[in-house]
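Lettering follows sequence order; numbering is per chain, from 1. Note: hydrogens, waters and symmetry copies are ignored here, and every other heavy atom, side chains too, is used.
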There are 2 protein chains.
Amino acid sequence: MAIGRPRTFDRDTALDQAMEVFWRHGYEGATIAQLTDAMGINPPSLYAAFGSKEALLRAALDRYTARREAWMDEVLSAPTAREVTSRMLMGVAEKQTDPANPPGCLLVQGGLACGSGSANVPFELAARRAQTEEQLRHRFERAKDEGDLASGADPAALARYVSAVITGMSVMASSGADCEALAQVAAVAVKSVEDQSVRA
Amino acid sequence: MAIGRPRTFDRDTALDQAMEVFWRHGYEGATIAQLTDAMGINPPSLYAAFGSKEALLRAALDRYTARREAWMDEVLSAPTAREVTSRMLMGVAEKQTDPANPPGCLLVQGGLACGSGSANVPFELAARRAQTEEQLRHRFERAKDEGDLASGADPAALARYVSAVITGMSVMASSGADCEALAQVAAVAVKSVEDQSVRA
DNA sequence: CCACATTTGTAGCGAGCACTACAATATGGA
DNA sequence: TCCATATTGTAGTGCTCGCTACAAATGTGG
């Protein structure tokens with residue numbers, strides 16, 4: 001049996017380029033021409049490999065979260081809720097202003113509101129953002145069980161709060177805030193969690 | 001001198017309808033067809049009255065901020081920095097989940113990232129968001145002068161923080177969070193400002 | 001070397017986009 | 001009444017969008 005002509009591009013490398021385009025221009029703002037140009041391939045290759053623009057976005061999102069997984073694990077492994085929050089928010093301040101990537105977070109920049117033709121994209125992104133909140137919630141629940149968070153603390157509310165701050169920082173980063181400005185925001189936010197921590 | 005055929009629609013009413021479309025679908029996601037449909041007019045009337053899609057957005061943004069001006073004044077007139085923050089964030093929680101409007105904030109939903117053709121829209125929105133931050137900063141500076149905020153407090157950082165929380169809440173609202181969930185976030189955030197307040 | 005399977009580049013599809021030309025219509029002033 | 005001015009509705013304009021038909025190219029198995 002014949003195997004066929006081999007692909008001349010690396011799927012993951014192309015996906016990284018596509019991720020950057022979506023990140024910078026949003027889902028709707030990114031055109032197939034920009035994507036194929038950045039990926040170094042032609043439209044038929046894109047569609048053969050990924051299926052559609054929306055499927056390409058999902059593949060890019062998968063890669064995006066996979067790239068951050070190791071970092072997230074490290075953050076969540078911090079000993080206390082306060083330390084988790086601090087690492088998280090300070091790390092976010094750095095990552096969202098890293099010149100190696102477009103500013104902000106792909107899960108926000110991708111698109112909060114879309115035209116009628118791609119109304120499910122915002123849902124997709126929201127669902128992925130919710131995953132981070134849930135990870136934080138689990139971690140804070142554990143912290144409460146361990147007596148690290150005060151008995152009156154609400155892990156779900158705290159996780160939602162930290163998640164909201166992250167999103168706010170992301171938007172600020174996308175509109176030009178530098179790392180220092182974000183770090184100031186993070187510092188204020190960390191204190192909120194500190195307040196609900198059991199002092200040692 | 002002749003005056004011409006009178007306009008059959010009310011400019012501000014039409015602007016309100018346009019605002020809602022931009023709010024719900026974002027600048028790029030909103031089509032002229034949707035806008036004219038919602039406004040109850042035809043494209044030539046739209047272009048005669050507003051000039052272009054982007055100019056229509058700016059007019060809608062002007063109206064948006066004008067609508068909130070009275071509320072902002074009331075918020076900023078609160079006696080203390082803590083009270084300002086509380087009124088602000090609790091009010092935001094309500095307003096961003098008010099079923100009379102699309103969820104979230106137009107200044108965020110309008111578009112964080114756009115295609116190359118409308119790259120200045122995100123800047124326009126960011127500039128308008130920055131105005132709120134600046135108003136807060138001025139208010140917090142006054143609070144510091146009045147001895148209401150601790151002498152070590154940084155009004156600019158606090159304003160940036162509150163602004164970030166508002167933006168985060170806005171994104172959460174746009175992805176379905178209800179008023180109660182936002183109020184929980186607001187409550188945690190208010191404490192951060194409380195921490196830097198001089199206890200009475 | 002041939003047959004097959006798959007990818008590649010070119011070129012272009014129909015649809016929808018922001019925007020407008022144009023003629024009909026409706027007012028106020030001379 | 002008739003002109004000047006402005007808005008209205010119809011019907012498009014050229015353009016770009018996401019996506020694809022098709023044939024040439026490039027590999028493997030027999």
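As rounded to whole Å, 8 Å separates atom C1' of C:dA18 from atom NZ of B:K53. Between the C1' atom of C:dC17 and the CD atom of A:E28 lies a distance of 12 Å, rounded to the nearest Å. One can place CD1 of B:I3 at 19 Å from P of D:dC3, the figure rounded to the nearest angstrom. We find that CG of B:D10 is positioned 12 Å from P of D:dT8, with the value rounded to whole Å. When the C1' atom of C:dT6 is taken as reference, atom CZ of A:R11 falls 16 Å away, rounded to whole Å.
Heavy-atom distances to DNA chain D give each of A:Y47 and B:F9 a nearest nucleotide, and the one nearer the 5′ end belongs to B:F9. Where B:L46 and A:R5 meet DNA chain D, the nucleotide closest to each residue was compared, and B:L46 sits on the side nearer the 5' end. Looking at which nucleotide of DNA chain C each of B:E54 and B:P6 is closest to, the 5′-most match is held by B:E54.
DNA chain C is contacted by B:A30, B:T31, B:I32, B:P43, B:P44 of residues 29-45 of chain B, taking any non-hydrogen atom closer than 4.0 Å.
Under 4.0 Å is where a charged nitrogen must lie from a carboxylate oxygen, and between B:K144 and B:D154 no such pair does. A salt bridge does not link B:E133 to B:R129: none of the charged side-chain nitrogens sits closer than 4.0 Å to a carboxylate oxygen. Between A:D62 and A:R128 there is a salt bridge, with a side-chain nitrogen of the basic residue lying less than 4.0 Å from a carboxylate oxygen of the acidic one.
Summarising the local packing, CZ of A:F9 is surrounded by more than 12 heavy atoms from other residues, nucleotides or ligands at distances under 6.0 Å.
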>> Test side chain to side chain contact (heavy atoms under 4.5 Å, CB included) on A:M88 and A:M72; report intermediate values, then the result.
In response: CA-CA 8 Å; A:M88 184 86 191; A:M72 268 298 281; 3.8 Å; yes
> Where do B:E54 and B:N120 land on the side chain to side chain donor-acceptor pair (under 3.5 Å) test, with the steps shown first?
Replying inline: CA-CA 9 Å; B:E54 205 166 317; B:N120 39 337; 2.7 Å; yes
